[in-house]
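Note that the structure is predicted; figures quoted are calculated from it, not measured. The figures that follow rest on heavy atoms only: side chains count, while hydrogens, waters and symmetry mates do not. FYI, the numbering just counts along the sequence from 1.
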Amino acid sequence: MAKKQDEVDELEDRGLDLEVADMIKGDEPDDENQDPEHAREIRYEELDSFGMALAKHRAECIAARQSSNIEAIWIEDEEFYEGVDEANRSSEKRTDWHQKPPGQTPGGPKSNTQSSIFPNITAPFVDAATARLADVILPVGNQASWSFDPTPIPELIAKSKGDFEELPDIDYDDPAAVQAQAQNEDAEREEALRQIKAAKKLAERAETRIRDWHVECRRKIHLRKVIEDAGRIGVGVLKGPFNKVKTRVGYIDGKIEVINKVTPHSKWIDPWNLYPAKDCGDDIQNGDGVWERDYITMKQIREFLNDENYISEQILRCIEEGPQKAAAVYKETPEPIDDPNNREKFEIWYFHGTAEQEELEAGGCDCSGIEDPHMPAMITMINNHVVRASLNPLDTGQYPYSTFSWRRRSGHWAGIGVARQVRAAQKIVIGGARNLMNNAGLGAGPIIVFKQGAVTPADGVSNISPRKVYYLAEDDDSIQDATRAIGVIKIDMVVDDLIKIIQWGMRLAEDTTGLPMLLQGQMGSAPDTVGGMRILQNNTAPPLRRLARAFDNEITETEIERYYVYLL
């Protein structure tokens with residue numbers, strides 16, 4: 001090898017072409033027409049390396065959300081909204097498929113005789129709060145809750161009103177100079193008016209275009225879901241804009257044509273499917289990426305083979321592997337999906353963040369003319385394989401997600417919902433109601449006490465029934481009266497005291513949420529005068545206005561800003 005290198009150095013010293021020197025070293029010359037199979041293998045290696053790095057980042061995001069304990073809080077809030085807790089979990093989730101078949105002997109009596117009733121006040125409070133907020137935020141019909149105005153420029157506004165500063169170099173005693181200055185000011189005023197008018201016209205056109213996109217994607221339906229999620233578990237997620245193919249059928253020039261058009265859309269995202277980066281804090285836009293999970297069937301994944309935007313070879317690898325599930329711990333081969341409801345579905349993951357230019361080009365993305373090696377990208381993964389790579393349509397690099405928190409939680413992007421606010425009150429109502437039912441069960445009938453050996457039933461069965469016959473023992477001279485052989489103990493009914501506890505829990509729910517029962521169509525603790533109820537309604541307005549402002553700041557403004565960038 002040293003001898004060959006000496007020969008190469010000698011050839012280079014003699015001025016021979018470096019390509020000849022490379023051939024002597026045994027290397028292949030750089031040729032644009034290199035072996036396609038070799039280039040394909042290199043590309044697959046780059047894609048596998050890219051997919052491995054993304055899978056590790058995804059595992060970190062999954063682990064970060066799990067370790068924040070927010071998922072346990074969501075489960076608790078979801079269960080209280082459904083009216084489920086530890087006492088009634090098995091009975092509430094039992095279905096006909098879990099019952100014994102007809103004709104079989106039913107099981108024996110349950111050993112637990114305690115009440116498991118769940119008087120659900122969480123769901124009514126959540127539904128009333130979210131419905132009221134939706135009525136305040138979302139206008140009726142196709143009207144929008146936002147509008148565009150051009151950015152006010154003080155200099156233009158002043159000139160359009162004829163407000164000009166006096167210039168020190170103008171001789172105001174010279175009529176010709178004053179007339180020339182007046183002509184210049186008139187010209188500047190006309191130009192300022194023209195620019196302001198043009199800006200207003202452009203703002204109106206942008207507003208009309210974005211409103212039309214919102215109507216096409218039925219944005220209001222998705223906004224209602226966002227509000228309902230925020231009220232139930234504390235956070236709602238809206239995605240948009242993102243490109244979606246809209247298929248339309250039209251009658252054009254005497255023919256029926258099918259038109260596929262790519263338009264921006266917005267849609268509701270289940271918070272359970274959103275995994276922001278662990279370093280995002282209370283704003284997902286601050287993190288180094290966002291992951292979104294969804295499920296697709298085998299039929300849907302096969303349709304990707306006909307889409308040139310997807311990498312067919314990677315899709316075939318996913319089909320061969322079968323559905324797999326990503327976990328909080330990175331594994332080169334993810335575990336099979338164990339959920340029976342999703343066992344036949346694939347997990348498809350969408351990543352929004354930055355990527356290297358070489359990685360995007362390996363995924364089939366055209367990055368020509370871009371000098372920045374770190375580019376905002378959108379990556380689609382199935383299992384641990386990159387099946388699609390493209391640039392973020394937003395030049396600002398923003399992630400197409402907006403989150404709305406019902407009440408902010410310090411340091412976390414997911415807030416606190418109505419279900420969590422009434423949790424203490426819900427427990428009080430549950431405890432009072434169950435003790436009330438247990439007391440009613442004990443006090444519904446007396447406790448019968450027999451003197452052992454002194455009283456014997458005629459039929460041999462000791463129970464309480466009409467026309468029951470009992471015998472007194474013949475050798476028991478101590479019993480002169482049968483009532484002394486049989487004792488009756490009555491349990492006191494403490495209904496009034498327990499109902500007071502339940503009513504206190506209901507009032508506590510109103511106080512903690514700021515939503516009186518009046519908003520649910522019930523009087524509750526509202527006064528029985530018109531003036532009193534009007535005052536109560538006015539007092540409920542500030543919390544709703546606070547929520548409306550928070551919704552505009554966190555959802556409306558951020559999403560509309562992204563739409564405007566998309567339009568530009």
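In this structure, CD on Glu554 lies 10.0 Å from CG on Leu547, to the nearest 0.5 angstrom. Here the NZ-NZ distance, from Lys267 to Lys244, works out to 7.0 Å after rounding to the nearest 0.5 Å. If you take CG on Asp294 and CD1 on Ile269, they are separated by 7.5 Å, rounding to the nearest 0.5 Å. The CG atom of Asn88 sits 10.0 Å away from atom CD1 of Ile117, with the distance rounded to the nearest 0.5 Å. The structure places CG of Leu544 at 5.5 Å from CZ of Arg132, a figure rounded to the nearest 0.5 Å. Here CD of Glu82 is found 11.0 Å from OG1 of Thr122. Values are rounded to the nearest 0.5 Å.
Taking all atoms of both residues into account, the shortest heavy-atom contact from Glu356 to Met375 is C-CE, 4.4 Å. When every heavy atom of Ser266 is checked against every heavy atom of Cys217, the shortest pair comes out as N-SG, 3.6 Å. Annotation for Trp268 and Leu238: closest pair N-CD1, 4.2 Å, computed over non-hydrogen atoms. Looking at every heavy atom in both residues, Cys318 comes nearest to Val387 through SG-CG1, 4.2 Å. Taking both residues in full, the closest heavy atoms of Ile62 and Ala326 are given as CD1-CB, 4.1 Å, listed atom of the first, atom of the second, then distance. Taking each heavy atom of His412 and Ser68 in turn, the nearest pair found is NE2-OG, 3.4 Å.
Arg218 CZ: 12 or fewer foreign heavy atoms inside a 6.0 Å radius. Environment of CZ in Arg293: crowded, with over 12 heavy atoms of neighbouring residues, nucleotides or ligands closer than 6.0 Å.
Ring planes of Phe551 and Phe404: perpendicular class, angle over 60° (limits at 30 and 60°). Using the six-membered ring where Trp is involved, Tyr310 and Phe304 have ring planes that are parallel, under 30° apart on the 30 and 60° scheme.
A donor-acceptor pair is defined here as one N or O able to donate and one able to accept, closer than 3.5 Å; no such pair exists between the side chain of Glu559 and the backbone of Gly240. The backbone N or O of Ile416 lies less than 3.5 Å from no partner atom in the side chain of Arg407, so there is not a single donor-acceptor pair. Not a single donor-acceptor pair under 3.5 Å links the side chain of Gln285 to the backbone N or O of Ser402. Counting only distance, with no hydrogens or angles, the side chain of Asn120 and the backbone of Tyr81 share a donor-acceptor pair below 3.5 Å. Put simply, the side chain of Arg420 gets close to the backbone of Ile73: a donor and an acceptor are under 3.5 Å apart.
Using a 4.5 Å cut-off on side-chain heavy atoms (C-beta onward), His222 and His265 make no contact. Put simply, the side chain of Val386 does not reach to within 4.5 Å of the side chain of Glu359, judged on heavy atoms. Here the side chains of Phe148 and Arg205 are not in contact, with every heavy-atom distance at 4.5 Å or above. No side-chain heavy atom of Phe80 sits less than 4.5 Å from a side-chain heavy atom of Val422. Counting only heavy atoms from C-beta outward, the side chains of Leu274 and Val290 approach each other to under 4.5 Å. Counting heavy atoms from C-beta outward, Glu347 and Tyr295 have side chains that approach closer than 4.5 Å. Using a 4.5 Å cut-off on side-chain heavy atoms (C-beta onward), Trp74 and Pro271 make contact. Annotation: side chain of Pro150 is not in contact with side chain of Leu202 (no heavy-atom distance under 4.5 Å).
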**OP:** Could you please spell out the steps behind the side chain to side chain contact (heavy atoms under 4.5 Å, CB included) verdict for Ile379 and Leu360?
**Re:** CA-CA 9 Å; Ile379 311 298; Leu360 292 175; 3.7 Å; yes
**OP:** Please lay out, stage by stage, how Lys239 and Glu292 fare under the test salt bridge (Lys or Arg N to Asp or Glu O under 4.0 Å).
**Re:** CA-CA 10 Å; Lys239 180 181 181 180; Glu292 177 196 346; 2.9 Å; yes
Original post:
side chain to side chain contact (heavy atoms under 4.5 Å, CB included) between Trp272 and Arg65: does it pass, once the steps are laid out?
Top reply: CA-CA 10 Å; Trp272 283 97; Arg65 202 182 79 175; 3.8 Å; yes
**OP:** Please report the C-alpha distance between Arg89 and Glu86 in whole Å, then the side-chain angles of each, then the deciding distance to 0.1 Å, and finally whether the salt bridge (Lys or Arg N to Asp or Glu O under 4.0 Å) criterion is met.
**Re:** CA-CA 5 Å; Arg89 185 181 307 279; Glu86 294 300 330; 2.6 Å; yes
Original post:
Does the pair Ile319 and Ile315 meet the rule for a side chain to side chain contact (heavy atoms under 4.5 Å, CB included), with working shown?
Top reply: CA-CA 6 Å; Ile319 294 176; Ile315 295 293; 4.0 Å; yes
Subject >> Derivation of the side chain to side chain contact (heavy atoms under 4.5 Å, CB included) call for Asn243 and Met378 >> reply: CA-CA 11 Å; Asn243 288 331; Met378 300 186 301; 5.6 Å; no
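With no hydrogens or angles considered, no side-chain donor-acceptor pair links Arg317 and Asn383 at under 3.5 Å. At a cut-off of 3.5 Å, with distance as the only test, no side-chain donor of Arg423 or Gln426 sits close to an acceptor on the other residue.
For Phe242 and Tyr350, the distance between ring centers is not under 6.0 angstrom.
Using a cut-off of 4.0 Å between Lys/Arg side-chain N and Asp/Glu carboxylate O, Glu303 and Lys299 are scored as salt-bridged. Under 4.0 Å is where a charged nitrogen must lie from a carboxylate oxygen, and between Asp552 and Arg549 no such pair does.
The residue from Trp291, Trp413, Tyr399, Trp349 that alone fulfils the ring-ring contact (aromatic ring centres under 6.0 Å, His included) condition with Tyr275 is Trp349.
Taking the ring axis of Trp146 as reference, the NZ or CZ atom of Arg211 stays within 45° of it and closer than 6.0 Å to the ring centre.
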